[in-house]
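Every value quoted in this text rests on a predicted model; they were computed, and no experiment measured them. Index from 1, following the sequence.
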Amino acid sequence: MINNLENILKKKISCKSVWFMRQAGRYLPEFQEIRQNNKNFIELCFNSKLSSEITLQPINRFNLDSAIIFSDILLVPYALGQEVSFIKNLGPELSKINMNKFLKISDDNFYETLKPVYKAIEITRKKLDREKSLISFVGAPWTLLVYMLDLRKGKNKIDTSKLDSSDIEISTILDNLTKFLCLHIKNQIDAGANVVQIFDSWAGFVPEKKINEYCFTPNKKIVEFCRKEKIPNICFPKGLQKKYLEFNNIVQPDGINIDYEVEPVWAKENLKNVVIQGGLHPEALLKTEEEMFKEATKYIQNFKDTPYVFNLGHGLLPETDPDRVKKLIKFYRDF
Ligand code: 1CP
């Protein structure tokens, strides 16, 4: 049971365990094949049978230690009343939020919309080896807000003017999201998931003076809910740099995924009482094999005697060669 993620998170023990963010997805030809016949991404996410099949693709190919359910963080805004479409090369696009609708969705209605996700988890848990963990996930409230209010300005910028000028109450949205995200976590666990990862992919873009209100507090509320429900949890507040320390002290998750900007030596010294996960730059898999192994060694060596889960500093890139993923896993396991 040494590689079992839920045990590692519960007991904070040293281990040998590996999985990758975005392990189920675009870099795999077997995913592309399904995707080609399923042009509507949301519909694909709601196809329980296919979603389960996609979840298991990287497990069958690489024998990873954990599976992450194939779904998307934007299914929650969808279930709360916004249209969501995925536009090739542009990313997701949401219809304008209707606050009346958003605040009126009932728990039952929310459950009914997301039922196919829970069904996919149920199917997958039955097929997955018992010693492997099934990871469920949610987007953190701030990261969902970025999409819901269309705050993105290109890949690496956000439009904060919309936050100041917005007549919509940001705190009302964050609170309502937090409530439904806890429900979504609980439903996924009840369906058979063993762990939850909370993706705050846009945490690095929270305006400085709002960091408590938009990032730390909502993540903390979700982690507290998980603790009450005994749900092993991992936070990924991407882009926080040195504020990872404050985040970890305030939020106190079971696990924390570092991004590629966080120095592993610094992380080991500063992030305490937590299982550290990830860090390796996804671009390392696009370099020569020698460079990839060299960069991976930096993490594996540094964390070799601490509770550490091998993973990346963000998701696998679509242009990644699956053979490289295989070689990286072997390199880690042989280390
Ligand atoms: O084929 C396609 O074009 C769809 C690509 C795709 C995939 C495979 C999207 C659209 N979502 C997913 C699945 C997905 N999304 C998973 C599956 C499980 C796995 O990891 O293997 C997960 C965990 C997510 C989570 C997700 N979706 C995040 C958080 C993690 C991260 O990468 O930062 C975010 C921000 C999204 C939004 C989203 N969905 C899809 C895209 C292209 C994006 C990002 C767009 C952007 O950069 O703003």
Side-chain angles (χ1 to χ4, degrees), residues 42 45-46 69 71-85 92-118 136-152 158-191 193 196-203 205-207 209-229 231 233 235-238 247 250-251 253:
I42 287 276
C45 289
F46 283 134
I69 192 69
S71 170
D72 200 85
I73 62 167
L74 297 174
L75 298 189
V76 165
Y78 176 84
L80 294 174
Q82 281 179 280
E83 299 289 325
V84 180
S85 43
E93 214 175 83
L94 278 65
S95 65
K96 203 169 175 312
I97 187 168
N98 175 332
M99 282 300 277
N100 257 336
K101 202 166 162 186
F102 173 72
L103 293 171
K104 276 212 186 100
I105 302 277
S106 70
D107 292 6
D108 285 349
N109 197 308
F110 181 81
Y111 178 87
E112 280 307 313
T113 310
L114 294 175
K115 214 169 169 177
V117 177
Y118 311 138
S136 58
F137 65 89
V138 294
W142 161 256
T143 287
L144 293 181
L145 187 88
V146 168
Y147 293 99
M148 291 165 71
L149 299 186
D150 192 22
L151 302 181
R152 286 179 307 153
I158 74 148
D159 183 359
T160 45
S161 70
K162 278 193 189 164
L163 289 172
D164 306 326
S165 67
S166 176
D167 48 2
I168 304 170
E169 269 283 357
I170 304 294
S171 66
T172 308
I173 301 183
L174 294 175
D175 283 350
N176 198 45
L177 278 175
T178 302
K179 180 200 130 178
F180 279 105
L181 290 169
C182 289
L183 186 59
H184 189 39
I185 291 171
K186 180 82 169 79
N187 292 342
Q188 293 185 86
I189 298 294
D190 286 348
V196 67
Q197 178 145 329
I198 303 147
F199 286 96
D200 214 347
S201 308
W202 291 84
F205 294 88
V206 173
K209 56 181 194 301
K210 295 287 191 186
I211 191 77
N212 265 304
E213 194 183 335
Y214 293 175
C215 177
F216 298 162
T217 304
N219 276 288
K220 187 181 157 119
K221 282 183 185 163
I222 295 173
V223 166
E224 277 172 352
F225 172 81
C226 290
R227 187 164 312 120
K228 185 172 68 92
E229 299 285 337
I231 300 167
N233 55 82
C235 281
F236 181 33
K238 183 175 180 287
F247 182 98
I250 293 175
V251 177

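Between F46 and Y78, the ring center distance clears the sub-6.0 Å criterion.
For the pair Y147/P92, a side-chain contact is recorded, criterion being any heavy-atom separation below 4.5 Å from C-beta on. For the pair D200/C235, no side-chain contact is recorded, criterion being any heavy-atom separation below 4.5 Å from C-beta on. No side-chain heavy atom of Y214 sits less than 4.5 Å from a side-chain heavy atom of L145.
The salt bridge (Lys or Arg N to Asp or Glu O under 4.0 Å) test applied to K238 returns no partner, not counting sequence neighbours.
C45 and S71 get closest at one heavy-atom pair: SG-C, 4.0 Å. I211 and A203 get closest at one heavy-atom pair: CD1-O, 4.3 Å. Minimum heavy-atom separation, A193 to I189: O-CD1, 3.5 Å. The heavy-atom pair separating L181 from A140 by the smallest distance is CD1-C, 4.3 Å. Nearest approach of Q82 to S95, heavy atoms of both residues: NE2-O, 2.7 Å. Closest approach of C226 and V196 over heavy atoms only: SG-CG1, 3.9 Å.
Atom CG of L80 sits about 6.5 Å away from atom CE of M148, to the nearest 0.5 Å. Taking CD1 from I42 and CG from D72, the interatomic distance works out to 7.0 Å, rounded to the nearest 0.5 Å. Interatomic distance, I222 CD1 to I198 CD1, rounded to the nearest 0.5 Å: 5.5 Å. Atom CD1 of residue I185 and atom OG of residue S136 lie 7.0 Å apart, to the nearest 0.5 angstrom. In this structure, I158 CD1 and F205 CZ are separated by 8.0 Å, a value rounded to the nearest 0.5 Å. Atom OH in Y111 sits 15.0 Å away from atom CZ in F180 (nearest 0.5 Å).
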For T217 and N212, run side-chain hydrogen bond (donor to acceptor under 3.5 Å, both in side chains): C-alpha distance rounded to whole Å, both residues' side-chain angles, the deciding distance at 0.1 Å, then the answer.
CA-CA 6 Å; T217 304; N212 265 304; 4.8 Å; no

Candidate pair I73 and L144, rule side-chain contact (heavy atoms from CB on, under 4.5 Å), full reasoning
CA-CA 7 Å; I73 62 167; L144 293 181; 4.0 Å; yes

Intermediate values then yes/no, side-chain contact (heavy atoms from CB on, under 4.5 Å), L183 and F225:
CA-CA 10 Å; L183 186 59; F225 172 81; over 6 Å; no

Give the intermediate values and the outcome of side-chain contact (heavy atoms from CB on, under 4.5 Å) for residues I97 and I173.
CA-CA 10 Å; I97 187 168; I173 301 183; 4.2 Å; yes

Apply side-chain contact (heavy atoms from CB on, under 4.5 Å) to the pair R227 and N233, showing each step before the final yes or no.
CA-CA 8 Å; R227 187 164 312 120; N233 55 82; 5.6 Å; no

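Counting non-hydrogen atoms of neighbouring residues, nucleotides and ligands closer than 6.0 angstrom, the CD atom of E229 exceeds 12 such neighbours.
Between the S106 side chain and the N109 main chain, a donor and an acceptor come within less than 3.5 Å of each other. A distance-only check finds a donor-acceptor pair linking the side chain of N219 to the backbone of C215 [under 3.5 Å]. Side-chain N or O atoms of W202 include none that pairs as donor or acceptor with a backbone N or O of W142 at under 3.5 Å. Between the T113 side chain and the A79 main chain, no donor and acceptor come within less than 3.5 Å of each other.
Using a cut-off of 4.0 Å between Lys/Arg side-chain N and Asp/Glu carboxylate O, K228 and E224 are scored as not salt-bridged.
A side-chain hydrogen bond (donor to acceptor under 3.5 Å, both in side chains) check over residues 176-185, counting only residues at least two apart or in different chains, returns the pairs D107-K179, Y118-H184, H184-Q188.
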